[in-house]
S.K.: 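Below is the structure I would like to discuss, written out as structure tokens.
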Amino acid sequence: MSAASLQGLRLLISAGPTYEDIDPVRFIGNRSSGKMGFAIAEAAARRGAQVRLVAGPVSLPTPAGVARTDVRSAAQMREAVLAGLPVDAYIGAAAVADYTPAQVAPGKIKKNEARFALELVRTPDILAEVAVHAARPRLVVGFAAETDDVERYARGKLEKKKLDLIAANRVGVPGSGFESDDNALTVYWAGGERALGPAPKTRLADELLDLIAQRLRTA
Ligand code: PMT
């Protein structure tokens, strides 16, 4: 079967981690390599979509035909994603930090104390904001990275964040999730689900885009 065309459609995709600065030399980050989101961007551009990729700090080349905006923090990612609207679909594959330091120390923090507490505040939820935005894309697709109880947590996010689809992957096990070239996804929507993989992220990107293309054709 030939891949469903995305000709003429605009896709906005987030990928990679965010880094939340503590001081000029330290930050809070996570293990996301950007491979999953970049694979989706590459496959979407190959199918003829106009793709904007908002990338956290990763060391991956820009896929052919993709317009890329590099960001560092969750706040910068939010700004770049909202600036990318309107689009037909938003796919949030980035591992956005849930918390950021309440303040960034202007100088390097010295290790004078035996214990040190860092005050963290919640970051804005970019995906949830896109899903209720005045320029809401026709399709809002989230990811869920879970270590356990995958379906319950993923379906919770699908509903709470008002998404059309959520692609859940198990993290914390070898061969899927963060950093690996391979992954296994279960895509959930209201009243249905589809298991994809295990397979290389490049193939899963295409299979996820088949589900997205189907919905964009009927939405
Ligand atoms: O980058 P790789 O190494 O290839 O790894 C791929 C991946 C594991 C990062 C990817 O497949 C994945 O699961 N991405 C989402 C990771 C995540 O942060 O999941 P979450 O369950 O914490 O967040 C749920 C959704 O809300 C995600 O779509 C996330 O982008 C979004 N979110 C979360 C917090 C926040 N402040 N803003 C958001 O938009």
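Numbering starts at 1 and runs along the sequence shown. Hydrogens, waters and symmetry mates are skipped; everything else that's a heavy atom, side chains included, is used. Just so you know, ligand 1 is whichever comes first in the structure, and atom 1 is the first atom listed for that ligand.
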S.K.: Provide, to 0.1 Å, the distance between atom 20 (P) of ligand 1 and the closest protein heavy atom, together with that atom's residue and name.
M.R.: Lys157 NZ, 3.7 Å
S.K.: Any idea which part of Val58 is under 4.0 Å from ligand 1, heavy-atom wise: side chain, backbone, both or neither?
M.R.: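 Near ligand 1, Val58 shows nothing, with every heavy atom at 4.0 Å or more.
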S.K.: Which atom names give the shortest non-hydrogen contact between Pro137 and Leu85, and what distance separates them?
M.R.: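 That would be CG-CD2, 3.9 Å.
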S.K.: So which heavy atom on Ala44 is nearest to which on Leu11, and how close?
M.R.: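 Closest approach of Ala44 to Leu11: CB-CD2, 3.7 Å.
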S.K.: Is it the side chain, the backbone, both or neither of Ala97 that has a heavy atom closer than 4.0 Å to ligand 1?
M.R.: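 Looking at Ala97 and ligand 1, just backbone atoms fall under 4.0 Å.
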S.K.: Return yes when Ala94 approaches ligand 1 closer than 4.0 angstrom through a heavy atom, no otherwise.
M.R.: yes
S.K.: For the atom pair CD (Glu20) and CZ (Arg72), what is the distance rounded to the nearest 0.5 Å?
M.R.: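 The CZ atom of Arg72 is 9.0 Å from CD of Glu20, to the nearest 0.5 Å.
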S.K.: Numbering the atoms of ligand 1 from 1, which are under 4.0 Å from a heavy atom of Gly34?
M.R.: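 With Gly34 as reference, the close atoms of ligand 1 come out as 1 (O), 2 (P), 3 (O).
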S.K.: Name the one of Arg10, Arg217, Arg52 that satisfies salt bridge (charged side-chain N to carboxylate O under 4.0 Å, His left out) with Asp88?
M.R.: Arg10
S.K.: Looking at Ser32 and Ala95, would you say the former's side chain and the latter's main chain have a donor-acceptor pair under 3.5 Å?
M.R.: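 Absent.
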S.K.: Verify, without hydrogens or angle tests, whether Asn183 (side chain) and Gly177 (backbone) share a donor-acceptor contact under 3.5 angstrom.
M.R.: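 It does hold such a pair.
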S.K.: Say whether Arg122 and ligand 1 are in contact under the criterion: heavy-atom distance to a ligand atom below 4.0 Å.
M.R.: no
S.K.: Can you find an N/O atom of Ala93 closer than 3.5 Å to an N/O atom of ligand 1?
M.R.: yes
S.K.: What residue and atom, counting heavy atoms only, is the protein's closest point to atom 1 (O) of ligand 1, and at what distance?
M.R.: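 Checking every protein heavy atom, the shortest distance to atom 1 (O) of ligand 1 gives Ser32 OG, 2.6 Å.
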S.K.: So is Pro124 touching ligand 1 or not, going by heavy atoms under 4.0 Å?
M.R.: yes
S.K.: Any donor-acceptor pair under 3.5 Å linking the side chain of Thr147 with the backbone of Gly172?
M.R.: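 Not at all, since once roles are kept as given, no pair shorter than 3.5 Å links the two residues.
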S.K.: Would you mind checking if Arg122 and Asp98 are paired as a salt bridge, meaning a charged N to carboxylate O distance below 4.0 Å?
M.R.: no
S.K.: Treating Arg155 as the side-chain partner and Trp189 as the backbone partner, does any N or O pair qualify as donor plus acceptor under 3.5 Å?
M.R.: yes
S.K.: Looking only at atom types and distance, does a side-chain atom of Asp23 sit under 3.5 Å from a main-chain N or O of Ala105, one as donor and one as acceptor?
M.R.: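 It does not hold such a pair.
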S.K.: Of all the non-hydrogen atoms in the protein, which one sits nearest to atom 39 (O) of ligand 1, and at what distance?
M.R.: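 The closest heavy atom on the protein side is Leu127 N, 2.8 Å.
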S.K.: Regarding atom 13 (O) of ligand 1: of the candidates Val141, Ile166, Asn169, which has the closest heavy atom?
M.R.: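 Looking at heavy atoms only, the winner is Asn169.
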S.K.: Considering the heavy atoms of Lys35, write down every atom of ligand 1 situated less than 4.0 Å from one of them.
M.R.: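 It comes down to these atoms of ligand 1: 1 (O), 2 (P), 4 (O).
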S.K.: If you measure every N or O of Ala95 against every N or O of ligand 1, does any of those distances drop under 3.5 Å?
M.R.: no
S.K.: Does any N/O atom on Asp98 come nearer than 3.5 Å to any N/O atom on ligand 1?
M.R.: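 Among all N and O atoms of Asp98, none is under 3.5 Å from an N or O of ligand 1.
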S.K.: Quick one: nearest non-hydrogen protein atom to atom 19 (O) of ligand 1, plus distance?
M.R.: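 Nearest protein contact, heavy atoms only, for atom 19 (O) of ligand 1 is Ala145 N, 3.5 Å.
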S.K.: For ligand 1, which atoms, with element, lie under 4.0 Å from some heavy atom of Thr123?
M.R.: 36 (N)
S.K.: For atom 24 (C) of ligand 1, find the nearest protein heavy atom and state the residue, atom name and distance (0.1 Å precision).
M.R.: Phe143 O, 2.9 Å
S.K.: Any idea which protein heavy atom is nearest atom 9 (C) of ligand 1, and the distance to it?
M.R.: Phe178 CE2, 3.6 Å
S.K.: Has Ser73 got a side-chain atom pairing as donor or acceptor with Tyr19's backbone, closer than 3.5 angstrom?
M.R.: no
S.K.: For Phe178, what residues pass the ring pair (Phe, Tyr, Trp, His ring centres under 6.0 Å) criterion, not counting sequence neighbours?
M.R.: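 Per chain and number, Phe178 pairs via ring pair (Phe, Tyr, Trp, His ring centres under 6.0 Å) with no residue.
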S.K.: Is Gly177 in contact with ligand 1, taking contact as a heavy-atom separation below 4.0 Å?
M.R.: yes
S.K.: Quick check on contacts: which atoms of ligand 1 are under 4.0 angstrom from a heavy atom of Gly142?
M.R.: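 Here the atoms of ligand 1 in question are 28 (O).
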S.K.: Any idea which protein heavy atom is nearest atom 26 (O) of ligand 1, and the distance to it?
M.R.: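 For atom 26 (O) of ligand 1, the nearest protein heavy atom comes out as Lys161 NZ, 2.9 Å.
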S.K.: In the hydrophobic cluster built from side-chain contacts under 4.5 Å, what are the other members alongside Val104?
M.R.: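 Besides Val104, the hydrophobic cluster comprises nothing; the residue is isolated.
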S.K.: Check if Glu129 has a non-hydrogen atom at a distance under 4.0 Å from any atom of ligand 1.
M.R.: no
S.K.: Using a 4.0 Å heavy-atom threshold (strictly under), name the region of Met36 that reaches ligand 1: side chain, backbone, both or neither.
M.R.: both
S.K.: How does Ile126 reach ligand 1, if at all, at less than 4.0 Å between non-hydrogen atoms: by side chain, backbone, both, or neither?
M.R.: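 Both backbone and side chain.
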S.K.: Quick one: does Gly92 get an N or O within less than 3.5 Å of an N or O on ligand 1?
M.R.: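 Between Gly92 and ligand 1, an N or O pair is found under 3.5 Å apart.
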S.K.: Kindly confirm or rule out an N or O of Tyr90 lying under 3.5 angstrom from an N or O of ligand 1.
M.R.: no
S.K.: Please verify whether a non-hydrogen atom of Ser14 lies at under 4.0 Å from ligand 1.
M.R.: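 No heavy atom of Ser14 comes that close to ligand 1.
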